[in-house]
Amino acid sequence: MSTKRSEVGVVDLAGAGGNLRPRVRIRPDELVIYIILAVLALISLYPVFVMFASSFKTQLDIFMHPFALPSKISLANYLTAWSQAQIGTYFINSATISASTVALIVFIASMAAYVFARFEFPGKQFLFLLLLAGLVLPGRLALVPQFILVRNLGLLDHRTALVLIYTAGAMPFSIFILTNYLRTIPHEIEESAVIDGASVWIRYSRIMLPLSRPGLATIAVFNLVGVWNDFFLPLIILRTPAKMTIPVGLTVFFGEYTVQWNLLFAALALASLPMIILFLLMTRQFIRGLTAGALKA
Amino acid sequence: MLQRTPWGQRIRRYSFLWLLAPAMVLYLLFIVYPLVSGLRFSLYNWDGVGPLKNYVGLENFGYLLTSSAFSHFVYRAIGHNLYVFGLTVILQLFFGLVVAFLLTRVGAARFFQTAFFIPYTLSLVVVGFLWGLLLQPQWGLINQALVKVGLGHLAQPWLGSPTLALLTIILVATWHGVAFPVMVFHAGIIGVPQGIFEAARVDGASHWQVFWRILAPLSLSTAVLLAMLLFIGSFGAFELIYIMQGAEAGPYYATDVLGTLFYRVAFGGMGATATGMGLASALAVLNAIIVMPISLVFVRLQRRFAYEY
């Protein structure tokens with residue numbers, strides 16, 4: 001799980017040949033592997049590259065010279081998509097909803113995980129099982145009742161409803177990951193604080209929270225990507241275009257600008273950029289966050 | 001200490017429970033209560049307007065599975081879900097394991113890892129729209145590329161052909177999702193004690209032999225775990241199909257899965273044949289009844305194939 005270990009692993013395997021005979025040049029079998037990987041990487045990246053390249057082109061260029069690079073880098077498409085076509089509004093909605101959801105998840109899931117990791121109380125097993133049920137049962141089963149509940153609470157077409165449901169839905173996974181993480185922190189660290197009579201809140205907020213940063217990063221990334229990219233919930237809960245998140249907003253946008261591919265590509269690029277940039281900045285946390293579920297199981 | 005009542009002591013002793021309260025309240029209200037309601041709604045013939053009424057027992061399930069007006073929708077959708085799973089599991093496990101293995105054989109693993117992971121950061125909505133443009137019959141890049149290299153006769157209306165549409169969407173989904181099995185397999189391979197590979201190398205084993213004789217058996221439990229996640233994912237499929245083919249899952253329902261069917265029943269689009277929150281909930285329950293026992297079987301299998309080092 002830990003990054004250190006994985007780094008060592010990669011280096012070990014890659015250098016396995018080097019240990020026996022120092023490598024001076026790439027062996028033929030390695031060359032074949034490089035070629036296969038390069039072809040697959042090209043398949044992975046080319047569509048993304050086309051998306052960005054086309055986002056700078058004029059409509060005519062896209063249709064006449066689909067494979068050519070943009071003749072000049074112009075941000076005109078982005079400006080039009082952002083302001084005239086409301087992508088800016090969707091973008092800000094997505095950013096606000098994602099940020100508040102992730103903050104709320106990190107805050108309340110870490111408090112709950114602290115309790116699960118450090119305290120015994122009647123009903124603990126039952127609550128844990130209840131959380132497990134939320135992981136095992138398909139979310140689709142809850143969708144219709146969630147829609148009715150949101151309607152009865154008067155929250156239909158309110159962004160708050162999304163934040164609340166996302167946060168609630170993130171609890172099982174986030175609490176499990178964090179509880180496991182907190183259990184690895186030695187009890188001794190907390191003990192002196194207990195002897196000094198520090199309150200539970202102080203122990204949580206001053207000692208455990210700062211120590212659990214890597215675990216918090218994992219659940220933050222996992223949930224951020226999930227919320228930024230989610231589609232079904234805003235699709236059924238939001239009605240007013242001015243309140244929509246990017247994924248639902250894109251469906252409105254694609255309906256309005258069907259033939260203006262230059263704008264469509266710019267809108268797609270705008271929707272993807274935040275996660276791509278974040279991924280490139282924190283590749284390790286990203287991969288760990290998004291594969292955490294499978295590796296824990 | 002003396003003047004404090006036992007009751008007060010008890011409250012003090014469990015005061016840490018306040019930290020648990022926000023998480024549990026939100027979870028109970030927005031997840032547990034809806035899940036239980038979902039089961040209950042499935043027993044009502046209710047259109048979602050006004051208070052819950054018209055208890056019908058298991059009639060909704062009878063309608064889903066046996067009515068001549070509607071059951072063919074359900075069976076076709078389940079068939080498509082199974083098709084999606086069958087193909088996805090083959091494609092993703094094969095490419096996932098092979099790529100993960102190749103990544104451990106070369107030095108520049110980090111670069112390729114990053115490259116393969118980028119599509120996985122895109123939302124399915126972006127993926128659907130992007131590939132919708134690339135696969136557009138006249139102006140899309142795919143058909144234009146085929147014409148350019150002299151394979152113009154292979155140019156297709158990929159998403160407009162009833163035989164190719166679902167296959168095309170599965171390939172797009174694999175393009176997006178294959179990074180996940182790659183990373184999970186990769187982490188698994190790194191977890192294998194390196195001495196095993198060293199020994200194989202000393203004995204003069206080829207890449208091919210290392211892959212089939214050592215890696216494939218050792219990765220079996222990971223593969224079963226991934227297969228389970230892909231099974232759950234295949235029966236949850238919705239976004240790509242909704243984006244690329246609309247709620248009607250065209251052409252002529254050729255890509256209709258339980259997800260799109262559920263969406264139409266719950267939120268409009270089925271007309272008089274089938275609407276209502278009760279029926280939609282029954283469909284969601286049916287979906288869960290298919291997914292959960294089979295997931296359990298996968299979990300059992302995974303345990304059996306797990307290796308301890």
Side-chain angles (χ1 to χ4, degrees), chain A residues 6 9-10 12-14 16 29-30 33-34 36-37 40-41 44-45 47-48 50-51 63 66 108-109 111-112 114-115 119 121 134 137-138 140-142 144-146 148-149 164-165 167-169 171 200 204 229 231-232 236 247 250 254 261 268 271-272 275-276 279 283 287 291 294-295 297, chain B residues 14-17 19-20 22-23 26-27 30-32 34-35 37-38 41 48 99 102 104-107 109 112 114-119 121-123 125-126 129-130 133-134 139 141 144 183-184 187 190 194 197-198 201 207 225 229 236 238-239 262 266-267 277 280-281 284-285 287-288 291:
Chain A
S6 76
V10 172
D12 272 353
L13 278 180
D29 58 335
E30 261 185 323
I33 292 177
Y34 270 120
I36 296 173
L37 285 175
L40 291 173
S44 258
L45 291 180
V48 181
V50 167
M51 173 173 82
F63 291 132
I108 73 176
M111 293 197 300
Y114 174 55
V115 173
F119 296 95
F121 56 93
L137 287 165
R140 188 171 291 159
L141 191 53
V144 163
Q146 278 167 344
I148 305 280
L149 176 66
L164 292 173
I165 295 179
T167 307
M171 282 309 109
V200 172
Y204 157 74
N229 290 341
F231 178 62
F232 207 131
I236 62 174
L250 279 177
F254 267 68
W261 283 25
L268 292 177
S272 326
M275 291 306 123
I276 293 182
F279 167 65
T283 310
I287 293 179
T291 53
L295 298 180
Chain B
Y14 289 118
S15 63
F16 60 81
L17 286 176
L19 295 178
L20 194 58
L26 270 186
Y27 179 66
F30 287 104
I31 304 294
V32 176
L35 281 172
S37 305
F41 287 2
V99 172
L102 295 182
T104 61
R105 302 266 112 182
V106 293
F112 289 111
T114 309
F116 295 137
F117 211 80
I118 282 184
T121 66
L122 305 180
S123 80
V125 173
V126 168
F129 279 133
L130 174 59
L133 294 178
L134 298 177
W139 303 107
L141 211 68
Q144 296 225 42
M183 295 306 148
V184 175
I190 284 169
Q194 300 310 310
F197 294 108
E198 294 279 340
R201 166 169 286 282
H207 291 311
L225 173 76
L229 294 175
F238 172 74
E239 274 99 339
F262 167 81
F267 303 100
M277 294 309 191
S281 296
V285 172
N287 198 339
V291 170

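Every chain is numbered from 1, with letters handed out A, B, ... down the list of sequences.
If you take CG on L20(B) and CZ on F119(A), they are separated by 11.0 Å, rounding to the nearest 0.5 Å. Between the CG atom of L26(B) and the CD1 atom of I165(A) there is a distance of 10.5 Å, given to the nearest 0.5 Å. Taking OH from Y204(A) and CZ from F16(B), the interatomic distance works out to 15.5 Å, rounded to the nearest 0.5 Å. Note that CD1 of I33(A) and NE2 of H207(B) are 4.0 Å apart. Values are rounded to the nearest 0.5 Å. Here T114(B) contributes atom OG1 and I287(A) contributes atom CD1; the two are 6.0 Å apart, rounded to the nearest 0.5 Å.
Residues E30(A) and R105(B) share a closest heavy-atom pair of OE2-O, 3.7 Å. What you find for A41(A) and A115(B) is that their closest heavy atoms are CB-CB, 4.0 Å. Closest heavy-atom contact between L141(A) and S281(B): CD1-O, 4.4 Å. Taking each heavy atom of L134(B) and P47(A) in turn, the nearest pair found is CD1-CB, 3.8 Å. The heavy-atom pair separating R140(A) from G236(B) by the smallest distance is NH2-O, 2.9 Å. Between I148(A) and G48(B), the shortest heavy-atom distance links the atoms CD1-O, 4.0 Å.
Between F279(A) and F117(B), the angle of the ring planes stays under 30°, which puts this pair in the parallel group of the 30/60° scheme. Using bins of under 30°, 30° to 60° and over 60° for the plane-to-plane angle, the ring pair Y34(A)/F112(B) lands in the tilted bin.
A heavy-atom distance below 4.5 Å is not found between the side chains of S123(B) and F231(A). By the 4.5 Å heavy-atom criterion applied to side chains, V126(B) and M51(A) are counted as neighbours.
Only the side chain of F254(A) comes within less than 4.5 Å of a heavy atom in chain B; its backbone stays farther off. Using a 4.5 Å cut-off between heavy atoms, V291(B) does not touch chain A at all. Interface residue L35(B): backbone and side-chain heavy atoms are both found under 4.5 Å from chain A. Residue contact with chain B, scored on non-hydrogen atoms closer than 4.5 Å, involves the backbone and the side chain of L40(A) alike. Contact annotation for A266(B): only side-chain heavy atoms (C-beta onward) come within less than 4.5 Å of a heavy atom of chain A. Both the backbone and the side chain of F129(B) come within less than 4.5 Å of a heavy atom of chain A. In this structure, the portion of I236(A) lying under 4.5 Å from any heavy atom of chain B is its side chain and not its backbone. For F116(B), the parts lying near chain A are the backbone and the side chain together; criterion is any non-hydrogen pair under 4.5 Å. Looking at F232(A), both its backbone and its side chain come within 4.5 Å of chain B, counting heavy atoms on both sides.
A search for side chain to side chain donor-acceptor pair (under 3.5 Å) contacts involving Y27(B) returns nothing, not counting sequence neighbours.
Between the side chain of Q146(A) and the backbone N or O of F30(B), at least one donor-acceptor pair lies under 3.5 Å.
Contacts with chain B were tallied for T283(A), T167(A), L137(A); L137(A) has the most, counting heavy-atom pairs under 4.5 Å. Contact count against chain B (heavy-atom pairs under 4.5 Å) is highest for L268(A) among V200(A), L268(A), V50(A).
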Q | Working for side chain to side chain contact (heavy atoms under 4.5 Å, CB included), residues L122(B) and N229(A) | A | CA-CA 7 Å; L122(B) 305 180; N229(A) 290 341; over 6 Å; no
